[in-house]
Amino acid sequence: MTDTLPSVENSHTVENLLTVENLVVEFPGRRRRAPFRALKGVSLDIAPGETLGLVGESGSGKTTLGRAILGLAPVTSGSITFEGRPLVGLGRAQRRAAGRDVQAVFQDPYTSLNPAMSIEDILTEPLTVQGVAGRDARARVRELLDAVGLPADAGARRPNEFSGGQRQRVAIARALALRPRLIVCDEPVSALDLSTQARVLDLFIDIQRRTGVAYLFVSHDLMVVRHISHRIAVLYRGEIVELGSGEQVTDAPEHPYTQRLLAASPVSDPHEQRLRREQRWAQAARAS
Amino acid sequence: MSAAPLTTAPLTTAVLRASETGADRSLTRRLLRNPLGLTAIVLLGLIVLLSVLAPWIAPHDPNHVDLAVAFDPPSATHWLGADSAGRDVLSRLLTGGRLTLLGAAIGLTVAVVVGLVSGLVAGYYGGWFDTLSDLSTSLVMALPNMMILLAIRVVVGPSLWITMAVFGLLISPSIYRLVRSGVRQVRGELYVDAARVSGLSDARIIARHVLFVVRAPIIIQAAIIGGIAIAIQSGLEFLGLGDQTVPTWGVMLSEGFGNLYIAPLLILWPGLAIALTIGSLVLFGNALRDALEDKPAAPRLRGGVARQSTATATATATADDDVALSVRGLTVGYPTTSDALKTVIESVTFDVRRGEILGLVGESGSGKTQTAWSVLGLLPRGAVVESGAIVHDGVDLLADAGRTQRGLLGRRIAYVPQEPMSNLDPYFTVGHQLVAPMRKHLGLGRAEARDRATQLLAHVGIPDPVRTMKAYPHEISGGMAQRVLIAGAVSCDPDLIVADEPTTALDVTVQAEILDLLRSLQAERGLSMVLVTHNFGVVADLCDSVVVLRGGQVVEQGPAAALLSAPQHPYTRDLLAATLDGTAPRSVSDAAYAELEAAR
Amino acid sequence: MWSFIARRLAGGILLLVVASSLTYLLMNANSGGIALRILGDQATAEQIAAKEAELGLDRPVLERFGEWALGAVRGDLGTSWFTSEGVWHTVFSRLPVTLSLVVGTVVVTTIVATALGVLAATRRGRVDRVVQVLSVVGAAAPNFWIGLMLVVGFALTLRWFPATGFVSPAVSAAGWAASITLPIVALALGSVAAVTQQVRSAFIEVEGRDYVRTLRSRGLGERTVLFGHVLRGAATPALTVLALQFVGLLGGAVVVERVFALPGLGETIANATTSGDVPLVMGVVVVSVALVVVVNLVIDILAGWINPKARVS
């Protein structure tokens, strides 16, 4: 296991799982207004088994990037390649087939599960598409529930009987159902309470170590991203301003925006926080 | 018989949302448990049954003329009497029901098929079809149905079936709009995105996720349309424009109206049948809507203060002159479907000293927001302070049913909410919302208040205060909106501010600026502050003391520095441990993991 | 704001043009049917042909449409086939009756529904239940049916109001009021029910919004909060329903005018339909659609005035 674990040094020698090149995403403007350019030529790659953290504030385009990879946002130009095959410019059915190995976990565990369906129905939904049904599907559901630490009898219940953290576990199980090679995680812990957040993050890491799945982990929280990511990309107004190893970006950021982001994230130690605050003021004074 | 789709608008919003949350198995049960719903269903069933069986159970031929018994009152042979041509009223009523309902069913079928299909396609795929169908829908909705039906009648003659089919077409926009907005809403849901990522085809997504959501609202709307169809149809026939050879209820009514002075009973029976049928359709629709929304029984208690015993608490609370706010044994209950109150906070006690910032920390459901709302007297309708005391500057806020509290609100006690965008009234300019409280509390004139508000906006760091005064909330950013709300909170020189997660909805860089603003305002005005938050970083940045809440109870409290560095209670320790401050980067944790694996 | 009004006005005119063109083509496409309708089932082919020639129906429909449209733009809606009276003149002389009825109903509905809806939303409990029952009754009872009951009850039995007929306000204001009171009540019950429901649910929804809590926290009086802010927020959806109601009321007026024997547009179109007077039916339809367009425009402007966001979209 140890030698297959990707690290920053060797991640580029391994063949890339996902390559995004010069990706531009535009949304049509309303009422003769110019189209809104959410991503302005973004390039990145993800190796098998790796977590790439994607951090940015609202309007940075981080969610759009994840959705473009999932085929949920329109790609204006640029390319997305998964295991050497293009994901852009395909018909609906082709795109579905090509994207089978890329799954997703979304931010809001309350709206990402259909409240009218039982957990078992939610988990078998992706399986039936692949023709897995009946006893095999039920066995797989049990396996999945076990993998995410939910009791075996959870299948018969509905989402509203579970807490936010448990629902997010169901969402993770659904993403795992097709044994994907990459999961796009869009702010999967930001709607959760503090203690739940830590446990769900550790579940993500645990699953990655067991299955070798890669993550594109989107978050606004620098510390969450540091905890889970091998490498981190910082997105600002549709462009990647910094991309480096987890330590480098969160300990010694190079780009002024990343520095600003780090200084603005409060820490729970009052003394440490005072230092951060003063550092932030010093930065601001330098900038002006 | 107003032909407008009666209540489409509230249906689309409330019910669509509600229909997703309800588990549908219990829906039927809830519907049947509602006495009105049950009555409506039984009545409808009975009417349909009698109408279907009409050819077999009608005692006479409905069209058999016997002038000898014309206008006869009810008798043993003619239970409901006979009409102007001596035809049996009961037989005509039963047969009429069959034809009336059949006509309505045709209209309904056309409306549902056309509305459902076009709504699904337009809502799911959008594009040119959406634009086109939206245009034609607004066209059809602007046509007075009755006039068009009359015009059609000129061309095709008095055919019940054609008339009802055209009616279905004219009313189909109400179904179309319902379906389209439902589909739009569902299409934006994350679970549909998830289904698409899972590889489900569009047809499957529509069948599994979309149709399910719009199903119940369509049934409700169908009940309403059924009623309108019967009303329109009998209205046309009442005008004498129906097919006189077909004995529907409307034709009977028209005939009765012509003989109103001779035999007033003749309009009673068809009138009653029409009213009863439409009435049960409406009741059925309402009952289904209520079942979907799963309305709890109306709370028995009015919102506000209903304190039982506070005398002793008040006595101990007012002792210290240095205390700006004293909360003693505060217990708050929320109404439930049964009579009992559900306690959401229990015996919460803390003091805020003058010029101090106190953090109320906890996870969701800890009761931190309820505590803040209690201090402000802004608990939602039905919620009550069961016991305890809230004393501000030596004054018992809960005395005289909260009147004292309301009197101090805005003037001495102010509120900064969580979500900046939803806390400004979208219909008024920023300036108006700032000026109104100042004019009321400070007695300022309009111009004076405007000047002061503009200065205040500049003071809270808004770059162009004159322009912002004239702006509507949707024209400013979230960070700016939060500055406006803070300006509003301090506008009348309060001494206590209650801030409920004031930075949670903001980006971290904006959060830092807002925290700076709160800090400087607090320092320059010597404000006392209660700051509700779930973020220990915010506590460390701003707070002097902390109260940790869990499940409505105080777990631990004390000075911020001490509590954060050496928490006493295991829960506080767990919470602090769960923060990711100083977490090891992934390379380090991976290395540790690899070592562990190797050792095994 | 002006460009907003101009856009809405253009939309309304387009709507009027499309709606009247479609109706014209629909009504005139099958000219053989029309002649047959007028002459009755026993008519021979020659008679039908003669009638068609007499009415100009033997010419291509598009040609006739062009002529009609040109006239309509100049305010000439053609001549009745039976009375040879100008359609515009007939419609215009009947319009006051229907307008009294429909506008009166809208005014009554607005006032009563706002009051009842706000009362039900703020008081809840018993008041709310009464309002709920009322709206079921209002929604369930067809308005001609209510009209019949009112005639039997108040006019025939109690003799408080005249059963039938219309008195012009120019002749006697009191007589006018008495002659349209029962018709307005018959027509208004349904729309009051629908609008009250809407006001009630919108009011409750808006009162639960975050900004209302914040307004209360500023120490503004309860009256300012409820009537200055909540009611304003609830007005937009209520106006939408009111606009829909208006379209329905025009249809309802047709039947209610028959019940109370009011010589309005409804009575005109009903009679014209029976006789097959295509030009007259067309005239009433066009004027009705024009009324709807005007009312929608007024309501749109009102909504735009209330809601700053509606002005831009």
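Throughout, a chain's letter reflects where its sequence line sits, starting with A, and its residues are numbered from 1.
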Quick one: which of A414(B), G240(B), A489(B) has the most heavy-atom pairs under 4.5 Å with chain C, could you say? A489(B)

Just how far is it from atom CG of L239(B) to atom CD of E257(C), taken to the nearest 0.5 Å? 10.0 Å

Which residue out of V498(B), L485(B), I148(B), I152(B) racks up the most heavy-atom pairs below 4.5 Å with chain C? L485(B)

Would you mind reporting whether P308(C) and E475(B) have side-chain heavy atoms less than 4.5 Å apart? no

Picking from L281(B), I274(B), L253(B), which has the most non-hydrogen pairs under 4.5 angstrom with chain C? L253(B)

Is chain C contacted by the side chain of P158(B), its backbone, both, or neither, given a heavy-atom distance below 4.5 Å? side chain

Using a 4.5 Å cut-off on heavy atoms from C-beta on, say whether the side chain of P144(B) contacts that of V289(C). yes

Tell me, side chain or backbone of L272(B) under 4.5 Å from chain C's heavy atoms, or both, or neither? backbone

For T23(C) against A151(B), the heavy-atom pair lying closest together: CG2-CB, 4.5 Å

Report the distance from atom OG of S491(B) to atom CZ of R218(C), rounding to the nearest 0.5 Å. 6.5 Å

Honestly, the part of T236(C) sitting under 4.5 Å from a heavy atom of chain B is side chain

May I ask you to test the H229(C)-Y427(B) pair for a side-chain heavy-atom distance under 4.5 Å? no

For A270(C) and L241(B), the nearest pair of non-hydrogen atoms, with its separation, is O-CD2, 4.0 Å

Are F238(B) and L148(C) side-chain neighbours, meaning at least one heavy-atom pair lies under 4.5 Å? yes

Does CZ belonging to R403(B) count more than 12 external heavy atoms closer than 6.0 Å? no

Examine whether an atom of T429(B) lies under 4.5 Å from a heavy atom of chain C, and if so say whether it belongs to the side chain, the backbone or both; otherwise answer neither. neither

Identify whether the distance between the nearest side-chain nitrogen and carboxylate oxygen of E222(C) and R406(B) falls below 4.0 Å. no

Report the C-alpha distance between V154(B) and V278(C) in whole Å, list the side-chain angles of each, state the deciding distance to 0.1 Å, and finish with yes or no for side-chain contact (heavy atoms from CB on, under 4.5 Å). CA-CA 7 Å; V154(B) 176; V278(C) 173; 3.8 Å; yes

For E207(C) and R381(B), what are the C-alpha separation, side-chain angles and deciding distance, and is it a side-chain contact (heavy atoms from CB on, under 4.5 Å)? CA-CA 10 Å; E207(C) 205 199 337; R381(B) 192 187 277 263; 3.5 Å; yes

Please classify the contact between V284(C) and chain B as side chain, backbone, both or neither, with a heavy-atom cut-off of under 4.5 Å. side chain

Are any of the side-chain heavy atoms of V247(C) and M141(B) separated by less than 4.5 Å? no

At a heavy-atom separation under 4.5 Å, does V254(C) approach chain B through its side chain, its backbone, both, or neither? both

With only heavy atoms counted, which part of N286(B) is less than 4.5 Å from chain C, the side chain, the backbone, both or neither? side chain

How close do S422(B) and D210(C) get, counting heavy atoms only, and between which atoms? OG-OD2, 2.8 Å

For L15(C) versus A142(B), what's the shortest heavy-atom pair and its separation? CD2-CB, 3.4 Å

Structural part of L139(B) lying under 4.5 Å from a heavy atom of chain C: both

Minimum heavy-atom separation for I278(B) to A139(C), with atom names? CG2-O, 4.1 Å

So which part of L22(C) gets closer than 4.5 Å to some heavy atom of chain B, the side chain, the backbone, both or neither? side chain

Between chain B and each of R216(C), E267(C), M282(C), R258(C), count heavy-atom pairs under 4.5 Å; write down the option with the most. R258(C)

Under the side-chain contact (heavy atoms from CB on, under 4.5 Å) criterion, do F144(C) and S234(B) qualify, and how do the steps go? CA-CA 9 Å; F144(C) 67 92; S234(B) 40; 3.6 Å; yes

Less than 4.5 Å apart, side chain to side chain, heavy atoms only: is that true for M147(B) and I269(C)? yes

Need one label for I267(B): side chain, backbone, both or neither, based on atoms under 4.5 Å from any heavy atom in chain C. side chain

For the residue pair R232(C) and F428(B), would you count it as a cation-pi contact if the rule is NZ or CZ under 6.0 angstrom from the ring centre and within 45 degrees of the ring axis? yes

Note, Y211(C) side chain near P426(B) side chain (heavy atom, < 4.5 Å): yes

Residue, of G233(C), A243(C), A272(C), that accumulates the most heavy atom pairs under 4.5 Å with chain B: G233(C)

L424(B), part contacting chain C, at a heavy-atom distance under 4.5 Å: backbone

Are R213(C) and W373(B) close enough that some pair of their side-chain heavy atoms sits under 4.5 Å apart? yes

If you tally heavy-atom pairs under 4.5 Å against chain C, which of G279(B), G271(B), A275(B), P473(B) wins? G271(B)

Checking heavy atoms, do the side chain of V416(B), its backbone, both or neither come under 4.5 Å from chain C? neither

Sub-3.5 Å donor-acceptor pair from the side chain of K440(B) to the main-chain atoms of L220(C), do we have one? no

Give the minimum heavy-atom separation between V255(C) and M146(B), together with the two atoms involved. CG2-CE, 3.4 Å

